[in-house]
Amino acid sequence: MEADGFQGLLDGLTEPQARAVQHTEGALLIVAAAGSGKTRVITRRIAYLIGTGAPPWSILALTFTNKAAGEMRERVLHLLGGAESRQARGLTVTTFHSLCARLLRRHAEAAGLKPDFTIYDTSDQSALCKKVIESLQLSTSNFPPRSVLSAISNAKNQLLTAEQFAGRAMDFSARNIAKVYSAYSKALRAANAVDFDDLLLLTANALRENEPFRSECQERWQYLLIDEYQDTNSAQFQIASQIAGKGAPGSQGPNICVVGDPDQSIYGWRGADISNILDFEEHYKGASVILLGENFRSTAPILAVADTLIKNNKKRKAKPLFTSRTGGDKVDAILCRDERHESELVVTWLKHLHEGDPLDPEAPLNPDDSLAPASIAWREMAIFYRTNSLSRVMEDALRAHAIPYTIARGTAFYDREEIKNALGYLRMVANPADDVSLSRIVNTPARGIGDTSLTRVENWATVNGLTLLAGLKRAGEIQDLSSRATNAIAKFVEQLDGWTGGGSFMGAEVPSTLAELVERIIRESGLEAMYKSQAKASKNESDEERLDNLAEMVSSAREFELEYDPDNDPAAFPGIDEARSGQLGAIPPLLGMLRAYLESVTLVADADAVDPSQGSVTLMTLHAAKGLEFKGVAMIGLEEGMLPHSRARESDKELEEERRLCFVGITRAMQRLLLTAAKYRSMRGIPERTVPSRFLAELPAEHMRISDQSDAYADLKGTAWDDDEDADLADSPAPAPAAAPPPPRIAGPASQFPVGSRVRHPQFGIGEIKSVTPGLNARAEVWFKDVGKKTLILEYARLTRI
DNA sequence: CAACGACGCTCGAAA
DNA sequence: AGCGTCGTTG
């Protein structure tokens, strides 16, 4: 950068923004309200640091998603004068989890690991946990793996080891969970694996207990920056504190800058501790605090709605949220009939935006304003919901109207059965101790190693303290194994060895590239043939798709290979590593790349899948929406039990987190916002009467355009549903704009359906009433002779007496 | 040993 | 409605 170049980094910034950029030494807390130009400030601050002489390799910036890290890095490079900028060499912008994974590989011995460990995802965790529970003779119904794992995860997030957890476990259940925790940890280590929580926990512990490791980190990273600080948990706090240290001797303390917004803290359930940000000033005495309150993203009405809502949180530091903009459309709120009606109305609304719906005539546009009512591209729109299950109906409607859409689910591709199978083979190659992956693939495709044989090998291996693979390799020594099974096992073991060159990855036949390895494994394992033959036999469409996906995986490996840079490892410490490499021994390059590939695959976030270049509407959960912005946003399912979620209604603490979640959703919208609630929503197949979310009632009506379209159907008047005790959505329901044509529905009071009477149902045909449940959620149990399930519990609404 | 169907349970957000 | 487990049959 030129001598005076970095001064340009302050151009166009507000006074507090500029102060934040220039504040480079000592502790700094930036409380950045939604849409206050946070990313702009962070990226310029990093560029400013480098411009004023800080070596790039001494800067560590941590985020929660790969996408956030990638964008931040990109923008810093751009500020420094292009992607080729040498000035950014060694700059580390990454996620907590990636950093920890890299550190743990480089310093495996400090954490009691081997460097080739596997990272277990949620489903691997469940599989392992289930095995452990069974091996402890506990019942999986009294101790469901899911809830046991959540208890263990909680403990880990609070940095409690199995021993410490056991010390606090008083009742029967907790003591058993402690036993599972302990056995589960041992099983993980035996499989040379760590789970997501371990990445943070083991790193935090290693930093605390291993002085040389800690010093290395402290000496390298003199400047620490953490984004979304309100969402850090105890482990992450510990990691940050340890790396920050006490600062250089004679300094004012460490150069740690944290950025966050307590009003956007939405990850309490995974251990995020809001006091990390609230107590920052106490932890770092003399810390500066800069408040970014001015919003540059949303229109005034959207902002007013958000601000009014969040003010209902009692446990909150009041914080200004303002804009100098004027004009802008009111916020739309529609009460819909049911989820199908809701999805139709959302589609209609999105189409209006796409076609350039004029602004609200009641709100005259300030001519200076840039809030153009021009048409909004699909990629500038998003639909948010509280739970993933709400996406399905929405998808149906979007597909029916040929509107392009993408669901933000980063792991979707890797969750597929065929991909998981292929990954299972790759993980075995990378880590032969990985029992969970091995048991997944050992008989997929079927190769004559069934449950009975496998259980025998497993038991034998456990008794002898060996991994499953070691057990398979010595199958000949196992007594009650059939010769057929022994032969099948021998063949399989030989095949595994063929891919790894006998485990050393040095064999002559070993592939030379990652893509080649992936391709070979898919073919030689028989996975390809398995889906091919199935595709032929049943002309099953999904198997064709599976083959395509496997091919796609080969290209993804090739792509990874092209971008992979072994030198760009944030945990590689120049100077220190050369000294160490002698002890570590050389890692075959392909193995290193394979590890990195598997790691990147496991650590993708849902938000990473958001890609505006796709030109489509983005669907995602409210949690995934944090940090993003869209010109048009629709939030669906604003009902009691959905948002706030039913499981959060008991505690005020969780309720306030739900409100923050709602706040996060609202503040993503730049120009137009639609909030919808459905009067009836089907949960687990049963339509249920809902009550509009209390959050809707908290919003300021003067900034909103509210309409109740829930009984816009003439044929419902005077029926059982016209009992109108709707919780008030609005004082003045406006007339309905273009409502989608409703599906015809006929309903009647309970007396119309005596037991034994015959009814017609639009989906299930003709049936007979078995019993009725009167009341608000009136339902009938109906017997259908033409339906597999025979007896269904249905709402009256869709029944006709015949 | 594999494939299929019936039954029963669950039903939140995620790296 | 969707999933996992169990029991039956080929």
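Within every chain, numbering begins at 1; the chains are lettered A, B, ... in the order of the sequence lines, protein sequences first and strands thereafter. The structure displayed is predicted, hence computed values, not measured ones.
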Between A:Leu104 and A:Leu202, is any pair of side-chain heavy atoms under 4.5 Å apart?
yes
Minimum heavy-atom separation for A:Pro262 and A:Arg660, please, with both atom names.
O-CD, 3.3 Å
Is the ring centre of A:His645 under 5.5 Å from the base ring centre of B:dG12, and are the two planes under 30° apart, so that they stack?
yes
For the side chain of A:Asp197, counting heavy atoms from C-beta on, which of B:dC1, B:dA13, B:dA15 is nearest?
B:dA15
Please tell me which of the listed nucleotides, B:dA15, B:dC1, B:dG12, lies nearest to the side chain of A:Phe196?
B:dA15
Taking only residues two or more places apart in sequence or in another chain, which ones pass salt bridge (charged side-chain N to carboxylate O under 4.0 Å, His left out) with A:Asp198?
A:Lys156, A:Arg189
Mapping A:Arg684 and A:Val604 onto DNA chain B by nearest heavy atom, which one lands closer to the 5' end?
A:Arg684
Could you tell me whether A:Arg668 sits above the aromatic face of A:Phe384, with NZ or CZ closer than 6.0 angstrom to the six-membered ring centre and within 45 degrees of the axis?
no
A:Arg146 side chain near B:dC11 phosphate (N/O to OP1/OP2, under 4.0 Å):
yes
What residues form a side-chain hydrogen bond (donor to acceptor under 3.5 Å, both in side chains) with A:Ser241, not counting sequence neighbours?
none
Checking all strands, does A:Arg392 fall into the base, sugar-phosphate, or nothing category for heavy-atom contacts under 4.0 angstrom?
sugar-phosphate
In whole angstrom, give the distance that lies between atom CD of A:Glu654 and atom P of B:dG12.
12 Å
Which residues pass the side-chain hydrogen bond (donor to acceptor under 3.5 Å, both in side chains) test with A:Asp611, sequence neighbours left out?
A:Ser613
For C:dG4 versus B:dA13, give the span between their P atoms, rounded off to a whole number of Å.
16 Å
Can you check whether A:Thr621 has a side-chain N or O nearer than 4.0 Å to OP1 or OP2 of B:dA14?
yes
Near DNA chain B, counting only heavy atoms under 4.0 Å, which residues of residues 382-389 of chain A show up?
A:Arg386, A:Thr387, A:Asn388
Nearest-Å distance for atom pair CD1/P, residues A:Ile686 and B:dT10
15 Å
For B:dA15, take OP1 and OP2 only and decide whether either is under 4.0 Å from a side-chain N or O of A:Asn157.
no
Could you tell me whether A:Thr122 contacts a base, only the sugar-phosphate backbone, or nothing, with contacts defined as non-hydrogen atoms closer than 4.0 Å?
base
What integer distance in Å separates A:Arg660:CZ from B:dA13:P?
18 Å
Output the rounded distance in Å from CG (A:Leu655) to P (B:dG12).
17 Å
Which of the following nucleotides, B:dG12, B:dA15, B:dA2, is nearest to the side chain of A:Arg647?
B:dG12
Side chain to side chain contact (heavy atoms under 4.5 Å, CB included) with A:Asn388: which residues, sequence neighbours excluded?
A:Tyr385, A:Arg409, A:Thr621
Of the candidates B:dC1, C:dA1, B:dA15, the side chain of A:Arg270 sits closest to B:dA15
For A:Met530 and B:dA3, what is the distance between atoms CE and C1' respectively, to the nearest whole Å?
14 Å
Applying the 5.5 Å / 30° rule, does A:Tyr267 stack onto the base of B:dA14?
no
Geometric cation-pi criterion A:Arg270 and A:Tyr267, 6.0 Å radius, 45° cone:
yes
Can you check nucleotides 4-9 of chain C for protein contacts, nitrogen or oxygen pairs under 3.5 Å, and list what you find?
unit_1	atom_1	unit_2	atom_2	d
C:dT5	OP1	A:Lys130	NZ	2.8

Checking all strands, does A:Asp121 fall into the base, sugar-phosphate, or nothing category for heavy-atom contacts under 4.0 angstrom?
nothing
From CZ of A:Arg659 over to C1' of B:dA13, roughly how many Å is that when rounded to an integer?
18 Å
Could you check whether A:Glu599 gets within reach of a base, just the sugar-phosphate, or nothing at all, counting any heavy atom under 4.0 Å?
nothing
All salt bridge (charged side-chain N to carboxylate O under 4.0 Å, His left out) counterparts of A:Arg649, not counting sequence neighbours:
A:Glu640
Distance check needed: B:dA15 P versus A:Arg102 CZ, whole Å only.
18 Å
Residues which pass side-chain hydrogen bond (donor to acceptor under 3.5 Å, both in side chains) with A:Asn421, listed by chain and number, not counting sequence neighbours:
A:Arg440, A:Tyr531
For A:Arg409 and B:dG12, what is the distance between atoms CZ and C1' respectively, to the nearest whole Å?
12 Å
If you assign A:Gly450 and A:Thr411 each to the DNA chain B nucleotide with the nearest heavy atom, which residue ends up on the more 5' nucleotide?
A:Gly450
Under the side-chain hydrogen bond (donor to acceptor under 3.5 Å, both in side chains) test, residues paired with A:Arg416 that sit two or more places apart
none
